[in-house]
Amino acid sequence: MAEALVIVVLQKITSALGEQGLKILGSKLQKQLPDIQEVTNRMRLLQSDFSMMQAFISQVDVHRSNDKVLEAWLEQVRQAAHEAEDIVDEYIYLVGQMEGTDSFLKRALTQAADAKKWRKLAAQAKFMEDCLQKITETKKRFDVSATDSRKDITSSYCTRLQHLSDHSFLNDEADFVGNAEEVKRLTEWLSDARKNCTVISVCGMGGLGKTTIASSIYKKEEIKRMFICRAWISVSQSYRVKDLLKRILLQLTTKNENNQDGIDTMDCVNLVQLLQTYLKDRRYLIVLDDVWSRDSWPLLDSAFVKNNSGSRIIITTRVQAVASLADKNHEMKVSLLPKEEAWTLFSQKAFARLHDRSCPLNLKASAERIVDKCQDYQIERKRLIRLWIAEGFIEDRGPETILSEVGACYLKELADRSLLQVVDRNEYGRPKKFQMHDLVRELSLTISKKEKFATTWDHPNSDCNSDGSRRLSVQKDGNLIQTVTNSAQLRSVIVFVEEVSSSWLKDCYPSFRLLRVLSLRYCHIQKIPANLSNLFNLHYLDLGYTKLKEISTSIGKLSNLQTLYLKGSVMELPSDVTMLTKLQHLIIDVGRFGSSASNKIRRLEHLQTLKNIEANSCLVQNLGCFTRMRSLGIRKVLESYNTDLWTSISKMTALTSLSVIAADRDRDILDLSDLKPLPYLEKLMLSGKLEKGAIPPVFGHFPKLKSLRLCFSGLHEDPLAQFSVMFQNLGHLSLYRCYDGTRLTFGAGWFPMLKHLYLSSMGELKEVEIWTAP
């Protein structure tokens, strides 16, 4: 994690040095406060030093956990990175104080207190520069290197993984619980009539039972009779292909067959040839358990003869790239056990020594809490990505890419490596929610706490000292948040409890001063503390589903805010929201801008998400300035707004999701004649009568549309034939009270990607005709 921390610091320095704040700190101000320029220059030197450290750390062998010298040196780097982050964030904070009104700026020029702060920061930057120099000298003095010739460290780690895999293989079948569907399908794949050699993969996160499923079938007597020639090989992370080939040969053959003589001296080519010869006329079953990479596959694939004898190869893995080696329709995903089966398995393991292996009544409540915890918490994709962006965790790959897209790539990689599991997808197949296996979570928490990345308060007696951790998750007892101590470095606070004292922010402000993330979703707060507006570094503010009725006008001071989540709480937005010029995501239930705010909304040119905003004449005219908009939801649209609204939306060329709701579904018509093609639109929802009760011609220019929902459209003709030509990628189609006719017809081959179809409340509809292919 040291490398990740250094990368975050580098990204923060780059961002700070390029901020608009540098323009505000002009030459006159720098003459008055020369320490500002000194801090800026020293931050550039820090940037250079950390770049070199990051390059070195990226080459360190991840398995060298027992190298005490290296670990001690990395701890020095981590500590330096934390202190450098403090300097950068303090720099951003002081710049934020100087932004705003002239009186604020004049005070910055005259007050000695501000000069003192900058002088102190310059001294800290100089001290950090000296520390980095000493860390570099330490590396040379103790000969700290990125690689290690000692093989025992990596070997012992990988041996442990192999032992865990072997233990799962040797488990008693009587302990096997759940996954009946997976076992049935895997058995069918092994015993079906396919004569060609078939590769099967079993994929899922660690601890889900992949090895147990495969071994339970491998040991079945009917499978043993079916495949006389069998081998089970535990691969794990570190291996040599030569060793794998030798182990396969030793398991497949016997000493009497004279195939084991001399294999210790053979090279890979000879071992492959020997395996090919041996397997040529045999029906074989080979299991490669816990495979982490595809590197060895070309040689192994050559050795596994395609002899049309009904042979099978099973690969268990937690890596999607490896699972994709399977033949078509032979990839199996293993998911978490349902709660009932999880309870049975827990009882068998925890109470194995009891006669009936069942939970005693006096322990049942505690045991059920343990099982519930093992189910883990569902993580929202959009929320997680926005949190990563706010923290500066996502790499900026230049003007051609959007940070949210890079974040989605990060999540995909985590899911492909089975560190996260997709548990819910949206209507067109994109992951919507993830969950983490409890074993992975516990490991993450242990590492996070050790490296002071994050800590949790998840029981009433949690230690209210965060031990210098930068991130705090409050999961039990919201009153603890008032007693935060030794936490001046906090960057993120996420509260999962409902009851929080009204004075919490006032009491904790010294610890929250440099916060970038504050999430109070579902907290029972009725008023935002006044000093919230002093959190100049805040990038993410979640006040959703609270008891707030209004937002203070002082929110306009949060000049670095990127995400403002108000769904389920505030409805009226003050005009000061338009001062948040870096705002990217504004999510509300039914938000209203007053006329003065609507005139100033053009300031929010960076907006990418604007959900559930109420339309007014001024707003729809100004929407065209949001050329970066990707997700727009607007409601209460009057017929008189049509020209301005669709002209403005036409300028949102990056738009992927659009929802438009008419003010009166029986009277206000949605006329899309002024709408231009939207090449990236994936999701469209229109609620209201369409002009002339016909499909708008522009529908033919949404080539990427995957989800379409129409409500109260008043269509006179069956739209399905036209839709089938227009929307070849459509995966979700919902029609609600949108068609006045009596018959709908689905033709053979229409909508090849369709997964979800909803037809509802069409009063005149009497018949749905479906044609199938001959």
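The first residue in the sequence is number 1, and the count goes up from there. Atoms considered below: every heavy atom in the structure, side chains included; atoms not considered: hydrogens, waters and symmetry mates. Please read all numbers here as calculations on a predicted model, not as lab measurements.
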Donor-acceptor check, side chain of Asn642 to backbone of Leu670, threshold 3.5 angstrom: yes or no?
no

I need the minimum non-hydrogen distance between Leu735 and Met762, along with the two atoms involved.
O-CE, 3.7 Å

With sequence neighbours left out, the residues meeting salt bridge (Lys or Arg N to Asp or Glu O under 4.0 Å) with Arg397 are Glu395

Are the side chains of Phe702 and Leu708 in contact, using a 4.5 Å heavy-atom criterion?
no

So which heavy atom on Ile555 is nearest to which on Leu580, and how close?
O-CD2, 3.3 Å

Donor-acceptor pairs under 3.5 Å, side chain of residues 617-629 to any protein atom, not counting sequence neighbours: which ones?
from   : atom 1 : to     : atom 2 : distance (Å)
Asn622 : OD1    : Arg602 : NH1    : 3.4
Asn622 : ND2    : Ser598 : O      : 3.2
Asn622 : ND2    : Cys618 : O      : 2.9
Arg628 : NH1    : His606 : ND1    : 2.8

Can you measure from CG (Leu411) to OG (Ser404) and round to the nearest 0.5 angstrom?
11.5 Å

Starting at CG of Leu744, measure out to CG of Asp718 and round the result to the nearest 0.5 Å.
5.0 Å

Would you give the length of the straight line joining atom CG of Leu541 to atom CD1 of Ile528, rounded to the nearest 0.5 angstrom?
6.5 Å

Please check if the distance between the ring centroids of Tyr540 and His585 is under 6.0 Å.
no

Without hydrogens or angle criteria, can the side chains of Gln378 and Lys432 be said to hold a donor-acceptor pair below 3.5 Å?
no

Side chain to side chain contact (heavy atoms under 4.5 Å, CB included) for Asp668 and Val637? Distances and angles first, verdict last.
CA-CA 8 Å; Asp668 292 305; Val637 174; over 6 Å; no

Whether Asn560 side chain and His539 backbone form a donor-acceptor pair below 3.5 Å:
no

Of Glu182, Gln421, Gln320, which is the lone residue that meets side chain to side chain donor-acceptor pair (under 3.5 Å) with Lys333?
Gln320

Walk me through it: do Leu403 and Gln584 pass the test side chain to side chain contact (heavy atoms under 4.5 Å, CB included)?
CA-CA 11 Å; Leu403 290 181; Gln584 298 177 10; 5.7 Å; no

Results of salt bridge (Lys or Arg N to Asp or Glu O under 4.0 Å) for Glu331 - residues two or more places apart only:
none

What verdict does the side chain to side chain contact (heavy atoms under 4.5 Å, CB included) test give for Lys382 and Ile587, after you've listed the backbone C-alpha separation in whole Å, the side-chain angles of each residue and the deciding distance to 0.1 Å?
CA-CA 12 Å; Lys382 289 182 179 179; Ile587 301 100; over 6 Å; no

Non-hydrogen side-chain atoms of Lys611 and Lys567 separated by less than 4.5 Å
no

Contact check, side chains of Ile588 and Val570, non-hydrogen atoms, under 4.5 Å
no

Are side-chain heavy atoms of Leu645 and Val660 found at a separation under 4.5 Å?
yes

Of all the heavy-atom pairs spanning Tyr410 and Trp388, show the shortest one and how long it is.
CB-CZ3, 3.7 Å

Can you tell if the side chain of Phe751 reaches within under 4.5 Å of the side chain of Phe723, non-hydrogen atoms only?
yes

If you apply the rule side chain to side chain contact (heavy atoms under 4.5 Å, CB included), what do you find for Leu658 with Met652, and how did you get there?
CA-CA 10 Å; Leu658 175 63; Met652 302 176 185; over 6 Å; no

Positive for side-chain contact (heavy atoms from CB on, under 4.5 Å) with Leu566, one of Leu573, Thr546, Leu548
Leu573

Side-chain contact, heavy-atom cut-off 4.5 Å: Arg425 with Lys755?
no

Using distance alone, with no hydrogens and no angle criterion, decide if Asn729 and Lys706 have a side-chain donor and acceptor under 3.5 Å apart.
no

Can you name the nearest heavy-atom pair linking Leu543 to Ser569, along with the distance?
O-OG, 3.1 Å

Specify the closest pair of heavy atoms between Pro574 and Ile551, including all atoms of both residues, with the distance to one decimal.
CG-O, 3.7 Å

Side chains of Ser324 and Arg294: donor-acceptor distance under 3.5 Å anywhere?
yes

Nearest 0.5 Å, what's the CG-CD1 distance between Leu420 and Ile379?
5.5 Å

Side chain to side chain, Glu391 and Val517, heavy atoms closer than 4.5 Å:
yes

Donor-acceptor pairs under 3.5 Å, side chain of residues 677-701 to any protein atom, not counting sequence neighbours: which ones?
from   : atom 1 : to     : atom 2 : distance (Å)
Glu682 : OE1    : Arg430 : NH2    : 3.0
Glu682 : OE2    : Arg430 : NH2    : 3.4
Lys683 : NZ     : Glu427 : OE2    : 2.8

If you round to the nearest 0.5 Å, how far is CG of Leu720 from CD of Glu717?
12.0 Å

Suppose the criterion is salt bridge (charged side-chain N to carboxylate O under 4.0 Å, His left out): which pairs have a residue in residues 542-564, not counting sequence neighbours?
Arg383-Asp542, Arg521-Asp542

Determine which pairs satisfy side chain to side chain donor-acceptor pair (under 3.5 Å) with at least one residue from residues 186-195, sequence neighbours left out, and list them in order.
Asp192-Arg312, Arg194-Thr198

Do the non-hydrogen side-chain atoms of Arg743 and Glu769 ever get within less than 4.5 Å of each other?
yes

Whether the side chain of Ser552 engages the backbone of Ser554 through a donor-acceptor N/O pair (distance < 3.5 Å, no angle test) should be reported.
yes

When every non-hydrogen atom of Gly204 is compared with those of Lys210, the smallest separation belongs to O-NZ, 3.1 Å

Can you classify the ring geometry of Tyr545 versus Tyr522 as parallel (below 30°), tilted (30 to 60°) or perpendicular (above 60°)?
parallel

Where the side chain of Arg381 meets the backbone of Pro431, is there a donor-acceptor pair that is under 3.5 Å apart?
yes

Atom OG in Ser659, atom CZ in Arg635: separation rounded to 0.5 Å?
8.0 Å

Glu181/Arg185 salt bridge by N-O under 4.0 Å criterion:
no

